[in-house]
Structure formats: structure tokens, C-alpha cells
S.K.: 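My questions all concern the structure below.
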Amino acid sequence: LPTHIMSANWTPEGKIKYACLSNPLDRFEGTTNGAGAVFGLLVGAGVQSGNVSVGSSALRFQQRLFHAIGGFGRNWSVEEKIPKWWKSKARGADPNDNPNDM
């Protein structure tokens, strides 16, 4: 069976405060800034990967446009459903503000 890896950040009390689909997609850890597959390799090597990376103004605009139009799903949680203890204000492709440093 194929394996699947997830990353998790824990509080000192042993509670998960952030879980990510896989290590390469974790925007707060590592060198890929949330880019996966070949784009993660490019970002890790210092090559800009175009409008598929965290912080891309084109991707941020596209996500917000699709949210406004509706019917395309969500790229981030509804604000009211984000726990009060979650400190990051980054949503979707917004530039990182690492909650681990806050």
C-alpha cells in the first residue's frame, strides 16, 4: 500500500495546533513555502514557481474572486470557525506569518 505522510505541530500540552496534508505542503516549515510536487522542488532550489506559490498576488486574487463568485469550494476556513488561539492571519495564498513564531 502507498504510504502518506502528514505533518503536525503540537502545543507543549500535547495538543495538535496545526496539521498539514504532507510535509512539502506545510507552508510554515521547511523550504517549499507551501508549494508541492515539482513546484516545491523549484521553490526549495530558489527558483520562483510563478503564480502557484504562497504570496503570489495573482493566486491571491484568483482565490478571492472564486470565493466572491461562490460554487468553487473554499481555500481557507470561515473566519468564525477558526479557533481563537490560532494566531496566523494568513488565508489561502497570503504571504506567511508563521504562527510558530508568534
Side-chain angles (χ1 to χ4, degrees):
L1 294 173
T3 60
H4 182 76
I5 299 171
M6 291 195 61
S7 69
N9 291 305
W10 304 82
T11 66
E13 296 79 31
K15 296 181 179 180
I16 294 178
K17 68 177 184 177
Y18 173 70
C20 187
L21 182 61
S22 68
N23 290 350
L25 298 177
D26 189 338
R27 66 189 290 166
F28 301 116
E29 301 289 336
T31 59
T32 65
N33 293 326
V38 70
F39 302 110
L41 294 172
L42 291 171
V43 171
V47 177
Q48 275 293 356
S49 61
N51 67 348
V52 298
S53 291
V54 169
S56 162
S57 57
L59 182 57
R60 294 173 68 205
F61 173 77
Q62 177 189 29
Q63 288 178 343
R64 281 161 176 75
L65 176 65
F66 286 170
H67 274 239
I69 293 171
F72 293 98
R74 295 200 58 86
N75 292 302
W76 59 86
S77 299
V78 176
E79 285 299 316
E80 295 78 33
K81 293 187 177 184
I82 297 174
K84 299 264 187 264
W85 52 261
W86 182 251
K87 296 177 183 176
S88 174
K89 298 298 179 200
R91 304 291 182 258
D94 289 349
N96 286 345
D97 61 347
N98 193 335
N100 296 320
D101 294 338
M102 296 178 176

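Numbers here are sequence positions counted from 1.
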S.K.: Which atom names give the shortest non-hydrogen contact between Pro95 and Ala90, and what distance separates them?
M.R.: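 For Pro95 and Ala90, the tightest heavy-atom pair comes out as O-CB, 3.5 Å.
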S.K.: Treat each ILVMFWY residue as a node, draw an edge where side-chain heavy atoms are under 4.5 Å apart, and state whether Leu59 and Leu65 are in one component.
M.R.: no
S.K.: Return a table of donor-acceptor pairs under 3.5 angstrom between the side chains of residues 68-78 and protein atoms on other chains or two or more places apart.
M.R.:
residue : atom : partner : partner atom : Å
Arg74   : NE   : Trp76   : O            : 2.8
Arg74   : NH2  : Trp76   : O            : 3.4

S.K.: For Glu79, which residues count as a salt bridge (charged side-chain N to carboxylate O under 4.0 Å, His left out) partner, sequence neighbours excluded?
M.R.: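 Counting only residues at least two positions away or on another chain, Glu79 forms a salt bridge (charged side-chain N to carboxylate O under 4.0 Å, His left out) with Arg91.
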S.K.: Under the side-chain hydrogen bond (donor to acceptor under 3.5 Å, both in side chains) rule, collect the residues that match up with Thr11, sequence neighbours excluded.
M.R.: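 For Thr11, the residues satisfying side-chain hydrogen bond (donor to acceptor under 3.5 Å, both in side chains) (neighbours in sequence not counted) are Glu13.
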S.K.: Restricting to pairs with a member in residues 30-42, which pass salt bridge (charged side-chain N to carboxylate O under 4.0 Å, His left out), not counting sequence neighbours?
M.R.: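 Sorted pair list comes back empty.
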S.K.: Minimum heavy-atom separation for Ile16 and Trp10, please, with both atom names.
M.R.: CG1-CZ3, 3.3 Å
